[in-house]
2 protein chains.
Amino acid sequence: MALSHAILAALLGAPCSGYDLQKRFEGSVGFFWQASFQQIYRELNKLEELGWLTSSTVRQQNRPEKKIYQITEMGQESLKAWIAEPCDMAPIRDDLLVKVFAGSLVPTQAFLAELEHHQAQHRQRLAIYQQIEQQFFPTPESLSIADKFRYLALQNGIHYETAWLAWCEEAMGAIVSS
Amino acid sequence: MALSHAILAALLGAPCSGYDLQKRFEGSVGFFWQASFQQIYRELNKLEELGWLTSSTVRQQNRPEKKIYQITEMGQESLKAWIAEPCDMAPIRDDLLVKVFAGSLVPTQAFLAELEHHQAQHRQRLAIYQQIEQQFFPTPESLSIADKFRYLALQNGIHYETAWLAWCEEAMGAIVSS
DNA sequence: TAAACATATTCAATTAATTGAATATTAGCT
DNA sequence: AGCTAATATTCAATTAATTGAATATGTTTA
């Protein structure tokens, strides 16, 4: 199961609280494995029970106290083992594509609006990726090994969104001309 | 929830049994919303209770009897309503990408092997899509409206796999040169 | 001063998905 | 006669994910 390992991966950088993790998820690993905050908190408890994380409660002034989680040696080993074991390509589960499949049932205009909506979302996501690219990876030739991998993950996102946008254009063209 | 609607969409073409549906899923809607046969049977029962499907038991010679499911008027309406209501872009949940994210933890060779494995899988999937394209959509200009939408779904798959393969090349190049 | 926002976490209910097994019929192979 | 494979369906256990609510503290804003 990947959520636990996504959390471990996110904690590699620096120890943090569930709340921070949730925030960190948006804008990094969360692009590739999203999870709700309830899921994250539940998983953190489970991982601590397993001994893959340790926590320490920190009292703050002006704020509720928080629990800082840190990855353990065991956690790192488990993460490594999981990365090393082969996996299959992720199955697709995309509402829009099953809608497209039966799209002839609804009026063309309605469908076009939906495609525009998705186009906008994919454009926005691509813009986010490109902003991260410029901000964090201005010189991709000279990256640490860890950053090189993060850069590759980002590039995957960019390829993905670019392909979606190309398809949106194509699909909208095909639909209006019918 | 999309599984029910994916099943309805698959039944639009022709009524069939759970077993046939399962087979039909591989090679059409199933590319965009995969489901196990247990899921499909459970869902068929649920959809029949809702009145979106009707079934009739067919005794066959030389084979166990089967239940043929057919979409009802209500089922079609529900499918239309679902297609018409807007949805967000599908979240990504991809093991490999969270592995890439923390890929620096494992030896380069191991990671390269995993990438080759995925490259092979995506190549294979692309080949399947292209075979479907040649077999069922040789002249995309002259398609019925229903087929035009199915063709667009297929094109999405082709874009998706092509993007993955481009990324695989890039990633493998970046990893060997480090 | 009340409302809204940000921090920080937990609990419970439900739905969906995965995994493994069981059952029944017939065909074809060794 | 026994084995495998294909057809055809069901049940049960578990894990994962979604949804909605509740609680607590402090800051900013209207």
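Below, chains carry the letters A, B, ... as their sequence lines are ordered, and counting in each starts from 1.
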- Taking OP1 and OP2 of dA17(C), is either one under 4.0 Å from a side-chain nitrogen or oxygen of Arg93(B)? no
- Message: Under 4.0 Å, heavy atoms only, any strand: does Arg59(A) hit a base, just the sugar-phosphate, or nothing?
- Response: nothing
- Between Tyr129(A) and Phe31(A), does the ring centroid distance fall short of 6.0 Å? yes
- Message: Is the phosphate of dT7(D) approached by Tyr19(B) (side-chain N or O, under 4.0 Å from OP1 or OP2)?
- Response: yes
- Message: Closest approach to the side chain of Tyr41(B), judged atom by atom: which nucleotide of dT18(C), dA8(D), dT19(D) is it?
- Response: dA8(D)
- Just by distance, do the side chain of Lys67(B) and the backbone of Cys16(B) share a donor-acceptor pair under 3.5 Å? no
- Message: Without decimals, in angstroms, what is the distance between Lys67(B) NZ and dA24(C) C1'?
- Response: 15 Å
- Please determine if a side-chain N or O atom of Gln38(A) lies less than 4.0 Å away from the OP1 or OP2 oxygen of dT9(C). no
- N or O in side chain of Lys46(B) less than 4.0 angstrom from dA16(C) OP1/OP2: yes
- Kindly say if Ser17(A) contacts the phosphate of dT9(C), meaning a side-chain N or O under 4.0 Å from OP1 or OP2. yes
- Query: Any cation-pi pair here, Arg93(A) with Phe32(B), using under 6.0 Å and within 45°?
  - Reply: no
- Message: For a quick check of understanding: with a heavy-atom distance under 4.0 Å over all strands, which category does Gln60(B) fall into, base, sugar-phosphate or nothing?
- Response: sugar-phosphate
- Query: Where does the angle between the aromatic ring planes of Trp52(B) and His5(B) fall among parallel (under 30°), tilted (30 to 60°) and perpendicular (over 60°)?
  - Reply: tilted
- Under 4.0 Å between a side-chain N/O of Lys66(A) and OP1 or OP2 of dG26(D), yes or no? no
- What does Glu65(B) touch in the nucleic acid at a heavy-atom separation under 4.0 angstrom: a base, only the sugar-phosphate, or nothing? sugar-phosphate
